[in-house]
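Read through the structure below, which is laid out as structure tokens, and then see the notes.
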Amino acid sequence: MPAATGFFSRVYQTVRRIPRGRVATYGQVALLAGTPRGARAVGWALRALRAGTAARVPWHRVVGAGGRLSPRAGGGEAIQRARLAAEGVTFRRGRVDLGRHGLR
DNA sequence: CAAGTGACGTAGA
DNA sequence: GTCTACGCCACTT
């Protein structure tokens, strides 16, 4: 099992402080985590969560650029969309309305 | 140490 | 607006 390095922990902490009903993009999380161009690395960290990490992180609040959901395996996209909708996040034609819920 | 992989981002067609 | 190509980072083998 991959040990959560400082980078991963940083990403988790960043995602965890995202308020309910609001979403952040991978690039935004990467920037706050300390890696402006590490959007991909952020996805790696969140992917590790689903693998078995016990850290409860609202990964569903992390979306791609423009509020787009990533087409990851398992069809979790629908789960993420449903969870966000349950928190009051509005969608527009499949994209999260970052203008209303984006971290800005 | 080098190569491969992946829940991304931006730019170009 | 959509798709494709390249670059970015970190982790695994």
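So you know, we letter chains A, B, ... as the sequences are listed, proteins then strands, and number each from 1.
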Give the nucleotide from the list B:dG6, C:dC8, B:dT10 with an atom nearest to the side chain of A:W44.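 Looking only at side-chain atoms, A:W44 lies closest to B:dG6.
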
A:A65 side chain, from C-beta outward: closest of C:dC9, B:dG9, C:dT2: B:dG9

Indicate, yes or no, whether a donor-acceptor pair under 3.5 Å links the base of C:dG7 to the side chain of A:R40. yes

Given atom [atom1] of [X] and atom [atom2] of [N], what is their separation to the nearest angstrom?
{"X": "A:R10", "N": "C:dA10", "atom1": "CZ", "atom2": "P", "value": "11 Å"}
{"X": "A:L69", "N": "B:dC8", "atom1": "CG", "atom2": "P", "value": "11 Å"}
{"X": "A:R47", "N": "C:dT12", "atom1": "CZ", "atom2": "P", "value": "11 Å"}
{"X": "A:R61", "N": "B:dA7", "atom1": "CZ", "atom2": "C1'", "value": "17 Å"}
{"X": "A:R72", "N": "B:dT5", "atom1": "CZ", "atom2": "C1'", "value": "18 Å"}
{"X": "A:L49", "N": "C:dC11", "atom1": "CG", "atom2": "P", "value": "13 Å"}

Are A:W59 and A:Y12 connected in a single hydrophobic cluster, I mean Ile/Leu/Val/Met/Phe/Trp/Tyr linked by side-chain heavy atoms less than 4.5 Å apart?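 Same hydrophobic cluster.
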
Do A:L103 and A:L31 land in one hydrophobic cluster if side-chain heavy atoms of ILVMFWY residues count as linked below 4.5 Å?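 Different clusters.
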
Side chains of A:R68 and A:T25: closer than 4.5 Å at any heavy-atom pair?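 No, too far: nothing below the 4.5 Å cut-off.
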
May I ask you to test the A:R61-A:R20 pair for a side-chain heavy-atom distance under 4.5 Å?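 With C-beta onward as the side chain, the pair touches.
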
Could you tabulate the donor-acceptor pairs under 3.5 Å formed by side-chain atoms of residues 75-82 of chain A, not counting sequence neighbours?
{"residue": "A:Q80", "atom": "NE2", "partner": "A:H60", "partner atom": "O", "Å": "2.9"}
{"residue": "A:Q80", "atom": "NE2", "partner": "A:V62", "partner atom": "O", "Å": "2.7"}

Taking only heavy atoms on the protein side, list every residue of residues 17-36 of chain A lying under 4.0 Å from any atom of DNA chain B, sorted numerically. A:Y26, A:G27

Report the C-alpha distance between A:R72 and A:R47 in whole Å, list the side-chain angles of each, state the deciding distance to 0.1 Å, and finish with yes or no for side chain to side chain contact (heavy atoms under 4.5 Å, CB included). CA-CA 9 Å; A:R72 84 205 146 284; A:R47 198 236 181 246; over 6 Å; no

Just checking A:R93: base, sugar-phosphate only, or nothing, at a heavy-atom cut-off of under 4.0 Å?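 A:R93: backbone/sugar contact only, no base atoms under 4.0 Å.
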
Is A:A39 touching bases, backbone alone, or none of the nucleic acid, heavy atoms closer than 4.0 Å? sugar-phosphate

Hydrophobic clusters join Ile, Leu, Val, Met, Phe, Trp and Tyr when side-chain heavy atoms are under 4.5 Å apart, directly or via other members; which others share one with A:V23? A:V63, A:L69, A:L84, A:V89, A:F91, A:V96, A:L98

